[in-house]
Number of protein chains: 2
Amino acid sequence: MTTDFNSFFQFAITVDNVIFGFDGQDLKVLLMKRGEIPYMDDWALPGHFVKQEEDLTSAAGRILEELTGLKSVYLEQVKTFGKASRHPMGRVMTVAYYSLININDFEIKPAFIAKKATWFKVSDVLKTPLAFDHKDILIACIDRLKVKVKTQPIGFELLPNKFTLTELKQLYESVLQHQLDKRNFRKKILSMKILIDLQESQEGVAHRPAKLYSFDSERYNRLIEDGLHFDISYPAMQA
Amino acid sequence: MTTDFNSFFQFAITVDNVIFGFDGQDLKVLLMKRGEIPYMDDWALPGHFVKQEEDLTSAAGRILEELTGLKSVYLEQVKTFGKASRHPMGRVMTVAYYSLININDFEIKPAFIAKKATWFKVSDVLKTPLAFDHKDILIACIDRLKVKVKTQPIGFELLPNKFTLTELKQLYESVLQHQLDKRNFRKKILSMKILIDLQESQEGVAHRPAKLYSFDSERYNRLIEDGLHFDISYPAMQA
DNA sequence: GCAAAAGTGTTTACAGTACACCCATGG
DNA sequence: CCATGGGTGTACTGTAAACACTTTTGC
């Protein structure tokens, strides 16, 4: 009975992290070039083994911080992948997380530059193979992000503190893969009253400068309690 | 390096399964009385260790089938719980699934009767303690079910093949914890044209017998491709 | 004929949609 | 003065919401 019991304790757990960023134009994902077998030289999601005394959530945070230096960013567990054959070196399950970071706050830590951590356009990565089952993991995280971004104000995590409405719209379009109508989008967002008008404008652009806004999370929380329905849906489409 | 690597392979993985049923009145969950330490004699979710050569998904299906004899029921992975301290006997992560079964199809397998597998009203279980972190797991599964049932036609999994519109409404009310307006609910469901009118009625009830319907999944799939939005939301409320 | 649940329509209000032109700036 | 993207309003349409009475059966 005891030996039987011990035989179950032979799994390894990894966390793989789909780190999303937004460059003002496209949704991006951070990949690393593998320096070891298996899948040597293939692109892979950043990830690592969970340590014996480490909470799962802490492991996810650790991976992100080791790589980017960022703490307390948006991090959400998505799904656990556990096919017996998924890892050639043994029985390894992986728990997929995704995180949303402001691409400007970020610099790749020196220790990881050798591993060629790089941003890729999500749409490009979907066309190329990745190590292990990382393509499946990426797809699961994209799908979750699409659902989540429509009903929770997490899109702001991908933007700088100060942003324009056009940037916000572009962000939603690149995540949802749908065009949004400019006037309807502005009307909807502004009517929620969850943005602070910073009374500032862009500078040095060769066109009428856009107003800058920031997200008012305290106000958002108050409004949610009063029954606000945050919902960005893409029936507001355009040809 | 190799020893280091092997040191990661000391986790055990379990699957815990929140099995939901519906008795026509309330949403129910199946619990088992633990016959061993830790948490001897406490109520717990059905679950078991994942075996070395077993896919995670297969393990979830196996647990369900061993207990109920049911195959190919609705089964969805929800979340993995991995606090280092969550299991007193060692490092055990658990992957939570929930499943939806038709309570009439079901009988507890003899091997499990000794373990006192029993249905409880979900609303009652939420008021009592459970073994391990199973309360957290249950809550996560309820939350997921609430979200899912609104936008996917999974509620039918909990009903007999033939059901009345009142039963369907009662089901949604017990899952969503909101009253729905009778006329608006009927109008909405029937306008989707995803139910087959069986041209039969209840028998032996002491009031006007209700018409029986069944869910037309093929038609549903066709309509979804044509852009049907399945959405049962509870703004259709009543005092 | 009474109790109990099934079944049925209309009106109102709000939110989603479609759509085109003027404005401010840099070069 | 031209190119570029920023910013604005209105009319229409469809769906959600509120709401009360009649019907059918068993006893």
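We name chains A, B, ... by the order of the sequence lines, and we start the count at 1 in each one. Just so it is clear, the model here is predicted, and its values are computed rather than measured.
A search for side chain to side chain contact (heavy atoms under 4.5 Å, CB included) contacts involving Thr164(A) returns Thr166(A), Glu167(A), Gln202(A), Ala210(A), Leu212(A), not counting sequence neighbours.
Leu180(B) has its CG atom 16 Å from the C1' atom of dC19(D), to the nearest Å. Atom NZ in Lys188(B) sits roughly 20 Å away from atom P in dG9(C) (whole-Å rounding). Rounded to whole angstrom, the span from the CG atom of Leu228(B) across to the C1' atom of dT15(D) amounts to 14 Å. Nucleotide dG5(D) holds its P atom 11 Å from the CD atom of Gln170(A), rounded to whole Å. Regarding Gln179(A), its CD atom lies at a distance of 16 Å from the C1' atom of dC19(C), rounded to whole Å. One interatomic measurement links the two molecules: CD1 of Ile189(B) to P of dA16(D), which rounds to 12 Å at whole-angstrom precision. Rounding to whole angstrom units, CD of residue Gln25(A) and C1' of dG5(D) are separated by 12 Å. Across the protein-nucleic acid pair, Glu203(A) atom CD and dG6(D) atom P stand 16 Å apart, rounded to whole Å.
A side-chain donor from one of Tyr74(B) and Glu76(B) sits under 3.5 Å from a side-chain acceptor of the other. A donor-acceptor pair shorter than 3.5 Å cannot be found between the side chains of Thr151(A) and Asp231(A).
The local environment of CG in Asn161(A) is sparse, with at most 12 non-hydrogen atoms from other residues, nucleotides or ligands closer than 6.0 Å. Other residues, nucleotides and ligands contribute more than 12 heavy atoms inside 6.0 Å of the NZ atom of Lys135(A).
With dG16(C), dT8(D), dA6(C) as the candidates, the nucleotide lying closest to the side chain of Lys182(A) is dT8(D). The side chain of Asn184(B) sits closest to dA18(D) out of dC23(C), dA18(D), dC19(C). Residue His207(A) places its side chain closer to dA24(C) than to any other of dA24(C), dA18(C), dT25(D).
With hydrogens and angles left out, the side chain of Arg183(B) and the base of dA6(C) share no donor-acceptor pair within 3.5 Å. For dA3(D), its base never sits under 3.5 Å from the side chain of Arg208(A) at any donor and acceptor pair.
Between Asp197(A) and Lys211(A), at least one side-chain nitrogen of the basic residue sits less than 4.0 Å from a carboxylate oxygen of the acidic one, meeting the salt-bridge criterion.
Contact annotation: Arg186(A) side-chain N/O to dG7(D) OP1/OP2 distance is under 4.0 Å. Dashed line: the shortest gap from a side-chain N or O of Thr166(B) to OP1 or OP2 of dA6(C) is under 4.0 Å.
Interatomic distance, OH of Tyr97(B) versus CD1 of Ile137(B), reported as 13.0 Å (0.5 Å rounding).
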| Per-nucleotide pairing state of DNA chain D [Watson-Crick or G-U, under 3.5 Å; [ ] pseudoknot-crossing; | other strand] | |||||||||||||||||||||||||||
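Residue Lys187(A) is the one, among Ala206(A) and Lys187(A), whose nearest nucleotide of DNA chain C lies closer to the 5' end (criterion: closest heavy atom).
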